[in-house]
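Reading through the structure tokens given below for one structure.
Below, all heavy atoms of this structure are taken into account, side chains as well, without hydrogens, waters or symmetry copies.
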Amino acid sequence: MSGPYRIDGGAIDRGRSLAFRFDGRSMTGHPGDTLASALLANGVRLVGRSFKYHRPRGVFSAGSEEPSALVELRNGAHREPNTRATVAELFDGLEAFGQNYRGSLRHDLLAVNDLLAPFLSAGFYYKTFMWPKSFWERVYEPAIRASAGLGRLSGEADPDSYDKGFLHCDLLIVGAGPAGLAAALAAGRSGARVILADEDFVMGGRLNAETHEVNGRSGTDWAAKAVRELASMDRVRLLLRTTVVGAWDHGVYSALERRTDHLAASNGKPRQILWRIYSKRAILAAGATERPIAFGGNDRPGVMLAGAVRAYANRFAVGAGRRVGLFTNNDDGWRTAADLTARGIEVAAVIDVRDRRPLADVPGARILMGGRVTATWGRRGLKGVELASGERIALDCLAVSGGWNPNVHLTCHHGGRPLWRPEITAFVPGGGLPEGMTVAGAANGTFTTAAALAGGHRAAAAVLDGLGVSVAAGEAPGASDEAAGVSAFWHVRESRGRAWLDLQNDVTVKDVVQAHREGFRSVEHLKRYTTLGMATDQGKTANVGALAIMAEQTGRTIAETGTTVFRPPYTPVPIAAFAGRSRGREFRPTRLTPSHDWAAGQGAVFIEAGMWLRAQWFPRPGETHWRQSVDREVLQTRGSVGICDVTTLGKIDIQGRDAAEFLNKVYANGFAKLAVGKVRYGLMLREDGIAYDDGTTARLGDHHFVMTTTTANAVLVFRNMEFARQCLWPGLDVHLISATEQWAQFAVAGPNSRSLLRKIVDPEHDISNEAFPFMACGEIGVCGGTPGRLFRISFSGELAYEIAVPARYGESLMAALMAAGEEFDAFAYGTEALGVMRVEKGHAAGPELIGQTTARMLGMQRTVSKKKDCIGNILSERPEMNREDGLELMGFRPIDRSQELSAGAHFLAPGAEATMENDEGWLTSVAWSPELGHAIGLGFIRNGHARVGETVRAWDGVRGRDVPVEIVSAHFLDPDGERLRG
Amino acid sequence: MAEFALKARAPLDGYARTFGTISLAEEAGLSLVSAAVPQGGDDALAAALAAGLGAARPATGDSALCDRYGARLLGMQPDQMFILFEAPDPDRAAETVGDALGPAAYVTDQSDSWAMLRIAGAGARAALERICMLDLDAAAFPEGRVARTVMEHLAVIILRDGTDRFLLMSPRSSARSFLHAVEVSIGNTAG
Amino acid sequence: MIIDHPLLGPRDAQEFVILGDASLIDRPDWQAEDAAQQFHDYQHLRDNPAGEHRELWFHEQGDRSWLVVTRSTLTHEVLKVELARDVAIARGRNR
């Protein structure tokens, strides 16, 4: 027998036993149990401790609304804190621990907080930890942090995997209780594409917890039969263990499916899947959640929701107690008394706050109409209750029903506010529902089974009609209407001791009264001041009761008091599920250059540049410092020839009758007159006149150009050019397509580059200086006829080319270039050497193009053509951007050549204080020039060209450097460009 | 004979693997050429397509099979389509299309821009459900339908060319990341 | 959010990039007398209505169409989706 509290019947599989441990104690349960039902069956009542006062806490509900029975589930890295025992399915080998205690669960050292309760009421933190200010960081915060939080994280990486996915349907039905099943049957039989999602591991909702009959059979059987029928339909998808947690725009819903949480191990499959569901329509059939009545000592383990007590009896075959009392303000609560009695559990008392005739005779029970529970006793679990009359009744379980709250949460995710219906004392969905959503069943405030079945059927028919699907013939399943009368009764005024509202965050009736007294009367203020509803359960069982008490205090109605805003997610979603598979190296994709594997084989060190991995340098044997490698690569290139993979630069193929005119508009400088077979440097401005990208564009034919962009801006430039093409000049015949990935492209730089290329480029192409001068381009054959392109452009300042072949030949071309270069001692160079050479040459790059840079700052004001319309032309003329004393790009070298420079250092006059007023500009890029043998830098400084030879300080407050530097030309090497034209 | 000869390498080195009912394989031999329609040249292109390839131009999002080269036209943009075919000489794929269409289209070789993966089998859709936000239901995305979309941050062109067959094209440089994404999806769903 | 693409049907907004106010189509004449003022207004002055708004969206992970999406900033309802090229032509930008 799996526990002393196990009774007959229920939907558990007694044929199999599952061993599990709680707080080190071994117990057994059955398939079909939750951890909560198995604990109750074994007589475990104390499950955890509350957040603030460390009060004993036990199982309170039988569903996802659970505020109390939070446990740490599983071991080691798999440990998951704050797991609700009421939704954790039992599996063989499950291990769980109570949480939020120091010492042991039974003897929690922090239970002393409870004795301090008179000092710890609402607003305690705000009032107490205000002063002295110096105590905050050293005393208060460490102390609060040490005692804060509920469960403990494992501190290790989550070993499970998670996934995401996308689903589409005509109709999403949220909840598979009577309304949801009736809706799904109607829609499924009509051929609609349906997704039916339910958070439970068995569909049927309350039908599984009650003893209702549907179509003449038990509700459980009817639900099982309905699910079988639905499962046989091709167009219906059943999502068990799936909580729809958010409603988003245009019929999009998010849902968390727990795939392997109920298994001992995930077996390599994702544990949870976060679905994005695209629906044309949705029916919310999320049911209702029972709420308690507040009275003195109502937080003691053993005080439970009445509907949960009968769910444990009917579905899980567990008696929540051996001598049970019922405390209710409504008819539905009486079902608990009836169901327990029928299952042989003693019901000692039925206490109904209403002064009226008893609803039924409960054999053996004292029936106390107009009764009130004012206090409870029992240290770690309920032993009895005291009534307003002074009578004391011994009980080990008190089932409490304060009525039912429709689960309106998803109806409010777009700002809708629920509507108070006094006749059922509940909030029902109001206006402002998410587009395409209708509500059926208890979620809509129709609490009886018959009404839920009919409502679900009707809602589906209406939705199908709206979608133009003809509805299959058939009527709603039938059931008899049960009694559902309810009275507005929220808390027992005569209570002795604290009457609890929020069981997880320890908020009492008194706290709400105090909040009111201190002026926190809006529900939003009430929530934040008392922390009501801010726990992991978001106050599902607490909020409405608290609102009612606030309404009493203010003399307003509950409708006037209103609710706080419901936001997604409906129930907690692990961060890991939001991350899905985007973890570690899979956080984002990796782009590899065509020569990547070759470079890796050479031992290259790689750097991330956006999604690209680029070779940063290529260490050679004996080199122990990156500078040795980079200096060698630079000297090698400048001395003979070096090769660099520059495939990452954006390439855009531009064709059309008006391609040249189009380029004239997107580049600041002119392109219309560029000759076929020539390349030109181009500068791009934003419409506000700021420079944002540059590159070269080659003219391959009258109507055919190839543009290069910087690696970083390839996507943005393409997007902007499509904007210009479609929105600004739609009359031009011009067409764009990305060719970045199509061509493998290598820079071949250095005085021997031509000699090397002569061995690679097919001999019919004359690449002599005369036939193929600086800024020439052309289509060529490579290595015996492979189609390629050659551009005579130089970023290094050397005689240089860029050679391109279709990407599939890229790796092979790299190897061929290296082999052909052997006689010249050719080496590959990486991005670091590339950067050193461009600084030596004074080329602006990313650190210079920072979104504030004007053409004038780059010394390119004359390249901005004033004779044509181009993006950014007009606003680049603004006076402030053209000040004579504006910033100008210059070179800088340390007066003491042995000193280092740091990018980001600001320029100050000698002797000037480091203040904003004295700031004259800043160093943008620095490098150590192996050719010059000292550090060099590029930077912007006011009126720079007029100040060549002047000494300023490069002040770097972050690194504590203050280096006198001389202002020089940005072109440290070969200022007249003789090398690149050679 | 040149001193050095270049060897082609497929983005995924001819990857092929079977996972239960799903087969996943690189489609390495196909050429892909884009063809943009000159403004005002719709009629000229229609005539050139009919004469040069034996096909009618598909609407954006649709594809059409050609009589020549076993080619398939993919409608990618309002004024642009792709031609997927087995080129007689892959090094001259763009020229082949250019010769067939003449001045009626601006052609650009895209063969090396995309890695092509074919996924086929009964479980293919379930696997794609984890990364593809498009509705691949046969009613919404029937055979012959093509779309450009995004999967796991990567651009993907997806073509359905059978009940349970899809051709996936994703940029060459990130092909290994894309393959990984598809493999994980299969692993997470199959078996 | 779903954008009902005029050529492709409903597509998730994740495939798109938003630019902003559709008035960016109305780029001023660079040769106008008061071109500087006009470009200033074009670049910097945008409406931010609570209600119906026309915005430019780029189907970057799709067919590369720029779209003009008319939607309510209050309800997020998408009221109309047009190809921006058609809008631009209708406004005489092809002349």
Side-chain angles (χ1 to χ4, degrees), chain A residues 164 166 168 247-252 276-280 413-416 431-436 658 665 685-690 715-716 718-733 735-738 865-879 881, chain C residues 1-4 10-14 16-20 22-32 34-44 56-68 71-72 74-78 82-95:
Chain A
K164 294 188 191 177
F166 306 88
H168 301 259
W248 311 95
D249 283 326
H250 308 146
V252 176
R276 187 172 171 80
I277 301 176
Y278 301 88
S279 71
K280 294 194 178 108
H413 282 184
H414 290 189
L433 265 59
E435 187 184 326
D658 302 315
K665 294 190 183 300
L685 306 181
R686 308 189 306 216
E687 193 64 270
D688 65 0
I690 297 292
V715 170
L716 180 65
F718 193 95
R719 185 187 303 159
N720 290 347
M721 297 221 304
E722 278 292 357
F723 178 75
R725 182 179 91 92
Q726 295 177 36
C727 301
L728 300 182
W729 296 287
L732 297 183
D733 181 47
H735 301 268
L736 312 173
I737 189 157
S738 170
S865 171
K866 299 296 166 196
K867 295 192 213 105
K868 60 161 185 151
D869 184 14
C870 73
I871 289 172
N873 190 338
I874 299 294
L875 292 181
S876 73
E877 293 172 27
R878 287 180 285 172
M881 291 162 67
Chain C
M1 180 172 163
I2 307 288
I3 293 174
D4 199 356
R11 300 288 282 257
D12 194 306
Q14 288 183 45
F16 295 79
V17 172
I18 187 173
L19 178 66
S23 69
L24 285 170
I25 291 174
D26 301 321
R27 188 171 179 276
D29 175 6
W30 70 293
Q31 289 175 309
D34 58 344
Q37 183 61 46
Q38 284 194 35
F39 270 89
H40 167 273
D41 295 354
Y42 167 75
Q43 175 70 19
H44 299 295
L56 282 160
W57 291 73
F58 181 46
H59 199 192
E60 188 150 82
Q61 301 288 8
D63 77 337
R64 304 294 174 100
S65 284
W66 277 93
L67 304 177
V68 174
R71 67 180 190 108
S72 165
L74 290 176
T75 64
H76 298 186
E77 187 185 357
V78 174
E82 304 153 273
L83 290 176
R85 179 194 281 276
D86 293 345
V87 174
I89 289 172
R91 298 182 73 80
R93 291 214 61 90
N94 57 331
R95 287 193 291 274

Quiz item: In Å and rounded to the nearest 0.5 Å, what is the NE2 to NE2 distance from C:His76 to A:His414?
Solution: 8.5 Å
Self-check item: Minimum heavy-atom distance between A:Lys866 and C:Trp30, given as atom pair plus value
Solution: O-CZ3, 3.8 Å
Practice problem: Side-chain contact test, heavy atoms from C-beta onward, threshold under 4.5 Å: evaluate it for C:Asp12 versus A:Phe166 and give yes or no. | Solution: no
Self-check item: Under 3.5 Å: donor-acceptor pair, side chain of A:Gln726, backbone of C:Arg64
Solution: yes
Quiz item: How would you list, by chain and number, every residue that makes a side chain to side chain donor-acceptor pair (under 3.5 Å) with A:Arg686, sequence neighbours excluded?
Solution: A:Asp688
Quiz item: Given that the side chain runs from C-beta out, which part of C:Gln14 has a heavy atom under 4.5 Å from chain A: side chain, backbone, both or neither?
Solution: side chain
Quiz item: Which residues satisfy the side chain to side chain donor-acceptor pair (under 3.5 Å) test with C:Gln43, sequence neighbours excluded?
Solution: none
Quiz item: Just wondering, are more than 12 heavy atoms of other shown residues or ligands nearer than 6.0 Å to CZ in C:Arg91?
Solution: no
Practice problem: Please test A:Glu687 against C:Tyr42 for side chain to side chain contact (heavy atoms under 4.5 Å, CB included), starting from the C-alpha separation and ending with a verdict. | Solution: CA-CA 9 Å; A:Glu687 193 64 270; C:Tyr42 167 75; 3.8 Å; yes
Quiz item: Do A:Asp249 and C:Arg71 sit within salt-bridge range, that is, some charged N less than 4.0 Å from a carboxylate O?
Solution: no
Practice problem: Return the minimal non-hydrogen interatomic distance between A:Phe723 and C:Trp66, and the atom names on each side. | Solution: N-NE1, 3.1 Å
Quiz item: Does the pair C:Arg27 and A:Asp869 meet the rule for a side chain to side chain contact (heavy atoms under 4.5 Å, CB included), with working shown?
Solution: CA-CA 11 Å; C:Arg27 188 171 179 276; A:Asp869 184 14; 3.1 Å; yes
Quiz item: Between A:Leu728 and C:Arg93, what is the shortest heavy-atom contact and its length?
Solution: O-NE, 2.7 Å
Quiz item: If you count heavy-atom pairs under 4.5 Å between each of C:Ile25, C:Leu19, C:Leu83 and chain A, which one has the most?
Solution: C:Ile25
Exercise. To the nearest 0.5 angstrom, please state how far the CE atom of C:Met1 sits from the CH2 atom of A:Trp248.
Key: 15.0 Å
Quiz item: With no hydrogens and no angle check, is any side-chain donor or acceptor of C:Arg85 less than 3.5 Å from a backbone partner on A:Pro730?
Solution: yes
Practice problem: Measure distances from C:Leu24 to the heavy atoms of chain A and classify the residue's part below 4.5 Å as side chain, backbone, both or neither. | Solution: both
Quiz prompt | Spacing of CG belonging to C:Asn94 relative to CH2 belonging to A:Trp729, to within rounding of 0.5 Å | solution = 14.0 Å
Quiz item: Tell me, side chain or backbone of C:Val17 under 4.5 Å from chain A's heavy atoms, or both, or neither?
Solution: side chain
Self-check item: From C:Gln37 atom CD to A:Ile874 atom CD1, the distance as rounded to the nearest 0.5 Å
Solution: 12.5 Å
Self-check item: Side chain to side chain, C:Thr75 and A:Glu435, heavy atoms closer than 4.5 Å
Solution: no
Quiz prompt | Inter-residue atom distance A:Ile871.CD1 - C:Phe39.CZ, 0.5 Å rounding | solution = 9.5 Å
Exercise. Please look at A:Leu875 and chain C and tell me whether the side chain, the backbone, both or neither of the residue comes under 4.5 angstrom of a heavy atom of that chain.
Key: side chain
